[in-house]
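In what follows, every heavy atom counts, from backbone to side chain, and hydrogens, waters and symmetry copies are set aside.
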Number of protein chains: 2
Amino acid sequence: MTTVSSLTYEDLGSAAQRDRRRRILDATVTLASRGGFDAVQMRAVADQADVALGTLYRYFPSKIHLLVSALAQQFEETEATLGRRTIPGDDPADRVTYVLTRATRGLQREPHLTEALTRAFMFADSTVSGEIRVVGRRLTSMLTRALQGDQYVEDTEPTDREIAVARVISDVWLASLVAWVTGRITAEQVTERLETAVELILR
Amino acid sequence: MTTVSSLTYEDLGSAAQRDRRRRILDATVTLASRGGFDAVQMRAVADQADVALGTLYRYFPSKIHLLVSALAQQFEETEATLGRRTIPGDDPADRVTYVLTRATRGLQREPHLTEALTRAFMFADSTVSGEIRVVGRRLTSMLTRALQGDQYVEDTEPTDREIAVARVISDVWLASLVAWVTGRITAEQVTERLETAVELILR
DNA sequence: TCTGCAACTGAAACGTGTTTCTATTATGCC
DNA sequence: GGCATAATAGAAACACGTTTCAGTTGCAGA
């Protein structure tokens, strides 16, 4: 149950170190986009990021830590790009569906990357719980924001019900993504399942 | 996307072969109960089952196939024991909650085994889709049966809505199990989350 | 019973995640 | 600038999943 944590951007003192961290995460995303989970090989990441293998492990204590950190970073980037925009839709169900559809379309464009990040997220053990929590929080907050709609700009705390709804929907989303990246369902079916779930919970 | 399948009980001609398969799955469950996913090492399984490593791989083409097959077997055993009994509860929500609570309590008694099987299930890639489907079907049928209640004895086909509800609930269940086995939430929280989800969907 | 084929054994070897260790380089402090 | 310390490089070694293969055993059909 012991947690081992990756070095975060804030942990790193010098610009050179922050640059190393960035290079490592960039290499990870590049390799993952190209060949998925299996293509993210620690030696290959180290090579491409131009750091020694030992250094890579100093920054990220395992392949799973590395990939989950890459996932967190991808989330950050997404939020930075379209995070402040108002979510279209007149009621919570519409807004949630909008966010989910849009996100799913984005993931669909990078199937290998999605496979790598999703599988790492699901396979993470207790030593990765810190990083996992970060991603989980981002996910639910993205959904509670969609549930609240414009009220969000006032930074309203989500209600218990909103949190519960967000959790269920993110559970369905993750399960559907796993099913998609393992070829059990198509991308369209992912969207269908999400819409059905939203229907069941919010209508 | 190519599927590679494990040898099923039906595939095996001789009694000696069926016995080998049983010994392998027994060894898997024993090791998993003792030390979880990491303790299920292919050499150790082969040793304990008294077969050569190559034979183990002939029966189950990977560790994940092996563990997911063990999961399918556990399901079968559970269904055989209490499969025909009527599920108590006056409405679908009560019956589903009953089944979930009971199952969760069972899993709680074998945390290492649950960790091993759950993680294998979530980590499975496209080559395991056959075995995964078997387990997925069992899961949803367990839940649709609870939704239908006594009607089930008439072998009524579940409605689309029932199937959709069952899917959402099994998604929540799996996500909660993963969170539990990785130490992010307690077993009580698993039950809480399931009850909340049932509440949201069925009330 | 004999024969041929499929299954099994035992062991070696390979791939990749992870650990470890020594030499070298960068960094902060006097 | 010189020094102590931490960070990094580079490479070897280990662990475990997986593959391979030569020899042996078990078994169905002639």
Between the protein and nucleotides 12-15 of chain D, which nitrogen or oxygen pairs come in under 3.5 angstrom?
from	atom 1	to	atom 2	distance (Å)
D:dA13	N6	A:R43	NH2	3.4

Task: Partner residues of B:D94 under the salt bridge (charged side-chain N to carboxylate O under 4.0 Å, His left out) criterion, sequence neighbours left out - done: B:R203

- [ ] Under the side chain to side chain donor-acceptor pair (under 3.5 Å) rule, collect the residues that match up with A:R23, sequence neighbours excluded.
- [x] A:D19

Task: Atom pair distance, as rounded to whole Å: CG in B:L56 and C1' in D:dT18 - done: 11 Å

Task: Exercise: identify the closest heavy-atom pair between A:A120 and A:I64 - done: O-CG2, 3.7 Å

TODO: Check whether NZ of the Lys or CZ of the Arg B:R20 lies under 6.0 Å from the centre of the six-membered ring of B:Y59 and within 45 degrees of that ring's axis.
DONE: no

- [ ] Consider only side-chain N and O atoms of B:T182 and B:R184, and report whether a donor and an acceptor are under 3.5 Å apart.
- [x] yes

- [ ] Describe the nucleic acid contact of A:D50 in one word from base, sugar-phosphate, nothing, applying a heavy-atom distance below 4.0 Å.
- [x] sugar-phosphate

Task: Bending between helix ends of the helix from C:dT1-D:dA30 to C:dC30-D:dG1 [5 pairs per end, 10° resolution] - done: 20°

Task: DNA chain D: 5'-proximal contact among B:F37 and A:A52 (nearest heavy atom) - done: A:A52

- [ ] Give the rounded distance in Å between these two atoms: CG of B:D125 and P of D:dG17.
- [x] 16 Å

Open item on the list: For B:R21 versus B:T8, what's the shortest heavy-atom pair and its separation?
Closed with: NH1-CA, 3.4 Å

TODO: Pick base, sugar-phosphate or nothing for A:V45, based on heavy-atom distances below 4.0 Å to the nucleic acid.
DONE: nothing

With 3.5 Å as the limit, what N/O pairs link the protein to nucleotides 21-30 of chain D?
none

Task: For atom CG of A:D47 and atom C1' of D:dA9, their distance in whole Å - done: 12 Å

Open item on the list: Please report the distance, rounded to the nearest Å, between CG in A:D19 and P in D:dT8.
Closed with: 12 Å

TODO: Taking side chain to side chain donor-acceptor pair (under 3.5 Å) as the test, write out the residues that go with B:S62, two or more places apart.
DONE: B:H65

TODO: Could you pull out all residues at least two apart from B:R58 that satisfy side chain to side chain donor-acceptor pair (under 3.5 Å)?
DONE: none

Give every donor-acceptor pair under 3.5 Å between a side-chain atom in residues 74-82 of chain B and any protein atom, sequence neighbours left out.
from	atom 1	to	atom 2	distance (Å)
B:T78	OG1	B:Q74	O	2.9
B:T81	OG1	B:E77	O	2.8

- [ ] Would you mind telling me which of D:dA7, D:dG17, D:dA9 lies closest to the side-chain atoms of A:R58?
- [x] D:dA7

Check: residues 107-116 of chain B side-chain donor-acceptor pairs under 3.5 Å, at least two apart:
from	atom 1	to	atom 2	distance (Å)
B:H112	ND1	B:S33	O	3.4
B:H112	ND1	B:R34	O	3.2
B:T114	OG1	B:L107	O	2.9
B:T114	OG1	B:E110	O	2.9
B:E115	OE1	B:F37	N	2.8
B:E115	OE2	B:R119	NH1	2.8

TODO: Kindly write out the residues that satisfy side chain to side chain donor-acceptor pair (under 3.5 Å) with B:T186, not counting sequence neighbours, or none if the list is empty.
DONE: B:E188, B:Q189

- [ ] Under the salt bridge (charged side-chain N to carboxylate O under 4.0 Å, His left out) rule, collect the residues that match up with A:R193, sequence neighbours excluded.
- [x] none

- [ ] Look only at the side chain of B:S129 and the backbone of B:D125, and say whether a donor-acceptor pair between them is shorter than 3.5 Å.
- [x] no

Open item on the list: Need two values: the first and the last nucleotide of DNA chain C, 5' to 3', having an atom under 4.0 Å from any heavy-atom of chain A.
Closed with: C:dT16 to C:dT19

